[in-house]
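Single-structure report; data block below.
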Amino acid sequence: MIGKSLKGRSAAMDPGIWGKLPPELLEHILSFLPLKTLLNLRSTCKHFKSLVFSPSFISKYSSASLFSSFFLLSHPQCYSNFPLYDTIRGAWRKLALPLSFLPPSAAQFNLLSSCNGLFCFSLPNSSSFLVCNLLAKSSRLIQFPFFPFAFEMLTLVSTPHGYKIFLLCSKFSSNYAFVYDSKVHSWRQFDGFQPLLADNFHQEGASFNGSLYFATPEPFSVVCFDLENGKWENLDTEMPRELTFVRLVSNTDEGKLYMVGGIGRNGISRSMKLWEMGDGGNWVEVERLPELMCRKFMSVCYHNYEHVYCFWHQDMICVCCHTWPEILYCKVSRRTWHWIPKCPSIPDKWSCGFRWFSFVPDLYTLA
């Protein structure tokens, strides 16, 4: 009957009907649009432009949409093009960096950190950092605290009111910590931590309860840096025995801190385990890497553990090696281990410099 009643009518939408659509119903319909279509709607009229950034619509769109999330690979030889592994579709893509974000003087740039849809690049020739949201096309240029400025262990941290950038800097034979706060657009300088944490120069700090947590070189321990008051503290917790290397990673959504570590003797790992910090501050073993997978991982890093780094990505703890183009990850909810294979577009001659990042596109995180 419906088909007969529509037969012969124009396919055009009747403005007299659609113009009277209740606003809340229109918002609900628009929340199911693909992200690309939604972004194109912003230029059609002022109403749609303001609607896309309204708090009520953001809430509806975030819950209704299924964003893809990615592993992003950075390598010195893939300048401005970053291979992406779509973790939802299980497919590889390429991302061409929109160079319009970069100032004219940016002859070279290095991707250093990512968080909550934001990326942080260093622009050595401009003596600055660039924080940008590629999806929302927003960016901010942040000048170095001084020049020349040598830094390490840069970590981009999401906060309720924006973001912070943490880094360590050796200046005049002393070690200092610097924190940039996007809320006030300024740097603060604090005392560093001795001994230097630079042995893990590929590893970022793990954000947990308002602080950044780091593992020290042998004898292994955990220290934390309070991002608000700049105080360092040694974590009074017993470390597992026979550790050969330690990396920390956090799930900020659920407020959990994990530790990945090799177990062995004489600096050689025979197994790798995953621990979670318990309520009493002790480490509780969660999972052990299967033997065959452990053999492969230890062989590709040649027991050179300073090249090992970890990061969190949507229920996955990712364990990577600076010299290997694959990702080993643990699906925490299922307690299973998997490999993400090598990107088919990567030439075999690329043997070092691989750096993976978590990329969860977010339209509403502004730089």
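- Taking 4.5 Å as the limit, some side-chain heavy atom of Gln314 sits within range of a side-chain heavy atom of Val360.
- Counted by atom type alone, His307 and Tyr305 present zero donor-acceptor pairs between their side chains at under 3.5 Å.
- No side-chain heavy atom of Ser128 sits less than 4.5 Å from a side-chain heavy atom of Ile142.
- Comment: Glu285 does not engage Arg335 in a salt bridge, judged by the lack of any side-chain N to carboxylate O separation of less than 4.0 angstrom.
- Between Phe71 and His313, the two ring planes are tilted [angle within 30° to 60°].
- Remark: Phe149 pairs with Phe144, Phe146, Phe151, Phe178 by the ring-ring contact (aromatic ring centres under 6.0 Å, His included) rule, at least two apart or across chains.
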Quick one, Glu291 with Arg270, criterion side chain to side chain contact (heavy atoms under 4.5 Å, CB included). Give me CA distance, side-chain angles, the key distance, then yes/no. CA-CA 9 Å; Glu291 183 178 355; Arg270 301 302 178 187; over 6 Å; no
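- A heavy-atom distance below 4.5 Å is found between the side chains of Ser182 and Tyr180.
- Using modelled atom types and a 3.5 Å distance limit, the side chains of Ser113 and Thr155 yield no donor-acceptor pair.
- At a threshold of 4.5 Å between non-hydrogen side-chain atoms, the residues Phe311 and Trp356 count as touching.
- The environment of Asp236 atom CG is sparse: at most 12 non-hydrogen atoms of other residues, nucleotides or ligands sit within 6.0 angstrom.
- Applying the salt bridge (charged side-chain N to carboxylate O under 4.0 Å, His left out) test to Lys183 and every residue at least two apart in sequence or in another chain returns nothing.
- Using the six-membered ring where Trp is involved, Phe297 and Trp339 have ring planes that are tilted, between 30° and 60° apart.
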Please test Lys296 against Glu326 for salt bridge (Lys or Arg N to Asp or Glu O under 4.0 Å), starting from the C-alpha separation and ending with a verdict. CA-CA 11 Å; Lys296 176 180 176 178; Glu326 298 181 30; 3.0 Å; yes
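- Salt-bridge formation is not detected for the pair Glu242/Lys273: no Lys NZ or Arg NE/NH1/NH2 atom is positioned less than 4.0 Å from an Asp or Glu carboxylate oxygen.
- No chain of hydrophobic side-chain contacts below 4.5 Å, direct or via other Ile, Leu, Val, Met, Phe, Trp or Tyr residues, connects Phe245 to Ile268.
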After noting the C-alpha distance and the side-chain angles of Ile346 and Trp92, does the key distance pass the side chain to side chain contact (heavy atoms under 4.5 Å, CB included) rule? CA-CA 11 Å; Ile346 295 179; Trp92 286 98; 5.9 Å; no
For a side chain to side chain contact (heavy atoms under 4.5 Å, CB included) check, start with the C-alpha distance between Leu73 and Leu84, then their side-chain angles and the critical distance, and finish with the verdict. CA-CA 6 Å; Leu73 174 61; Leu84 291 172; over 6 Å; no
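- The CG atom of Leu227 lies 9.5 Å from the OG1 atom of Thr159; values are rounded to the nearest 0.5 Å.
- Classified by interplanar angle (parallel below 30°, tilted 30° to 60°, perpendicular above 60°), the ring pair Trp232/Phe166 is perpendicular.
- A distance of 12.5 Å separates CG in Leu248 from CD in Glu204, rounded to the nearest 0.5 Å.
- When each of Tyr163, Phe82, Phe359 is paired with Phe119, the ring pair (Phe, Tyr, Trp, His ring centres under 6.0 Å) condition holds for Phe359 and for no other.
- Side chain of Trp187 to backbone of Gln143: a donor-acceptor contact under 3.5 angstrom is found.
- Residues His75 and Arg355 fail the side-chain proximity criterion, which asks for heavy atoms closer than 4.5 Å.
- Side chains of Ile165 and Val131 form a contact here, defined as non-hydrogen atoms less than 4.5 Å apart.
- Closest approach of Phe354 to Thr323, counting heavy atoms only: CD1-C, 3.8 Å.
- Scanning both residues, Trp337 and Arg288, for their nearest heavy atoms gives NE1-O, 3.4 Å.
- The 12-atom threshold is not exceeded at CD of Glu238, counting heavy atoms of other residues, nucleotides or ligands nearer than 6.0 Å.
- Between the side chains of Thr252 and Ser207, no donor N or O sits under 3.5 Å from an acceptor N or O.
- Checking side-chain atoms of Thr365 against main-chain N and O of Asn116 turns up a donor-acceptor pair under 3.5 Å.
- At distances below 3.5 Å, at least one donor-acceptor pair connects side-chain atoms of Arg247 with backbone N or O atoms of Val308.
- At a threshold of 4.5 Å between side-chain heavy atoms, the hydrophobic network of Ile, Leu, Val, Met, Phe, Trp and Tyr places Met293 and Val319 in one connected group.
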I would like to know whether Val222 and Met239 meet side chain to side chain contact (heavy atoms under 4.5 Å, CB included); could you show each step before the answer? CA-CA 9 Å; Val222 177; Met239 302 293 284; 4.0 Å; yes
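- Under the 4.5 Å side-chain criterion, counting only non-hydrogen atoms from C-beta, Thr87 is in contact with Tyr85.
- Phe190 pairs by the ring-ring contact (aromatic ring centres under 6.0 Å, His included) definition with Phe225, not counting sequence neighbours.
- The CG atom of Leu111 sits 6.5 Å away from atom CG of Leu72, with the distance rounded to the nearest 0.5 Å.
- A side-chain donor-acceptor contact under 3.5 Å links Gln203 to the backbone of Cys310.
- Heavy atoms from other residues, nucleotides or ligands lying under 6.0 Å from NZ of Lys331 number more than 12.
- Within a 6.0 Å sphere centred on CZ of Arg188, other residues, nucleotides and ligands contribute more than 12 heavy atoms.
- A donor and an acceptor atom, one from each side chain of Asn133 and Ser138, are nowhere located under 3.5 Å apart.
- Remark: side-chain polar atoms of His338 are not paired, donor with acceptor, to backbone N or O of Tyr329 under 3.5 angstrom.
- Note that OG of Ser158 and CG of Leu156 are 8.0 Å apart. Values are rounded to the nearest 0.5 Å.
- With a 4.5 Å cut-off on side-chain heavy atoms, Arg265 and Thr244 do not count as touching.
- No donor-acceptor pair under 3.5 Å is formed between the side chain of Asp86 and the backbone N or O of Ala91.
- How far CZ of Phe208 is from CG of Leu235: 9.0 Å, rounded to the nearest 0.5 Å.
- Once rounded to the nearest 0.5 Å, the distance linking CG of Leu289 with SG of Cys294 reads 5.0 Å.
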